[in-house]
**Student:** 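Mind looking over this structure? Questions follow.
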Amino acid sequence: TDELDFNSIMMYGSYDFSKNGSPTIVKRNGDTYNVNRSALSSGDLEGIMQMYSANAPSYEATYRNGNYYTIDGVNVYRMHDKWYFYSEDGWRELKRKEGNWFFAD
């Protein structure tokens, strides 16, 4: 299962949005946590590599099926380890070669 990255720079703190000084966000066990505002976490960096780096190791394997991505300026959908694009003709499979997208058919 995917774990929530409590060290992510994007994570709100336990007391953010509190109107009465009580924590608004806690861990499942009820504990509060400190917020990170100084650096990207390893999970942040991994997510960035998955979404934006065409040169990441195992490039195709870093993308999860069932998710949308914007790669090289094109909004694509990953399903069954293939890429799809929604056009006026409906969903069409895409192939990527050397940073360019092409219709598979």
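Here the structure is a predicted model, which is why all the values come from computation and not from measurement.
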**Student:** Validate the cation-pi geometry between R92 and F103: distance from NZ or CZ to the six-membered ring centre under 6.0 Å, angle to the ring axis within 45°.
**Tutor:** yes

**Student:** Mind checking the NZ-CG spacing from K82 to L94? Nearest 0.5 Å is all I need.
**Tutor:** 12.0 Å

**Student:** Would you say N65's side chain and N67's backbone share a donor-acceptor pair under 3.5 angstrom?
**Tutor:** no

**Student:** Over all heavy atoms of both residues, which pair between S41 and S8 is shortest? Give the atoms and the distance, please.
**Tutor:** OG-CA, 3.7 Å

**Student:** Sequence neighbours excluded, which residues qualify as side-chain contact (heavy atoms from CB on, under 4.5 Å) partners of S22?
**Tutor:** N20

**Student:** List the atom of S14, the atom of Y33, and the distance in Å for their closest heavy-atom pair.
**Tutor:** OG-N, 2.9 Å

**Student:** Can N29 and D31 be counted as having a side-chain donor-acceptor contact under 3.5 angstrom?
**Tutor:** yes

**Student:** Running the 4.5 Å side-chain criterion over Ile, Leu, Val, Met, Phe, Trp and Tyr, what cluster does V35 land in, apart from itself?
**Tutor:** none

**Student:** Would you say the rings of F17 and Y12 are close, in the sense that their centroids are separated by under 6.0 Å?
**Tutor:** yes

**Student:** Taking all atoms of both residues into account, what is the closest heavy-atom pair of T24 and Y15, and its distance?
**Tutor:** OG1-C, 4.1 Å

**Student:** Does the pair S18 and D16 meet the rule for a side-chain hydrogen bond (donor to acceptor under 3.5 Å, both in side chains), with working shown?
**Tutor:** CA-CA 5 Å; S18 178; D16 288 355; over 6 Å; no

**Student:** Within 45 degrees of the ring normal and closer than 6.0 Å to the centroid, is that where the cationic atom of R96 sits relative to W83?
**Tutor:** no

**Student:** Would you say that more than 12 heavy atoms from the other residues, nucleotides or ligands in this model lie under 6.0 Å from the CE of M79, or not?
**Tutor:** yes

**Student:** Does the D44 side chain pair with the main chain of I9, one donor and one acceptor, at a distance under 3.5 Å?
**Tutor:** yes

**Student:** Is it possible for you to say whether Y63 and Y84 belong to one hydrophobic cluster, with membership spreading through side-chain heavy-atom contacts below 4.5 Å?
**Tutor:** no

**Student:** Looking at residues at least two apart in the chain, or sitting in another chain, which of them share a salt bridge (Lys or Arg N to Asp or Glu O under 4.0 Å) with K95?
**Tutor:** E93

**Student:** Starting from L4, can I reach V26 by hopping between I/L/V/M/F/W/Y residues whose side chains sit under 4.5 Å apart?
**Tutor:** no

**Student:** When the ring centroid of Y68 is compared with that of Y77, is the distance short of 6.0 Å?
**Tutor:** yes

**Student:** Would you find a donor on one side and an acceptor on the other, under 3.5 Å apart, between the side chain of W101 and the backbone of I71?
**Tutor:** yes

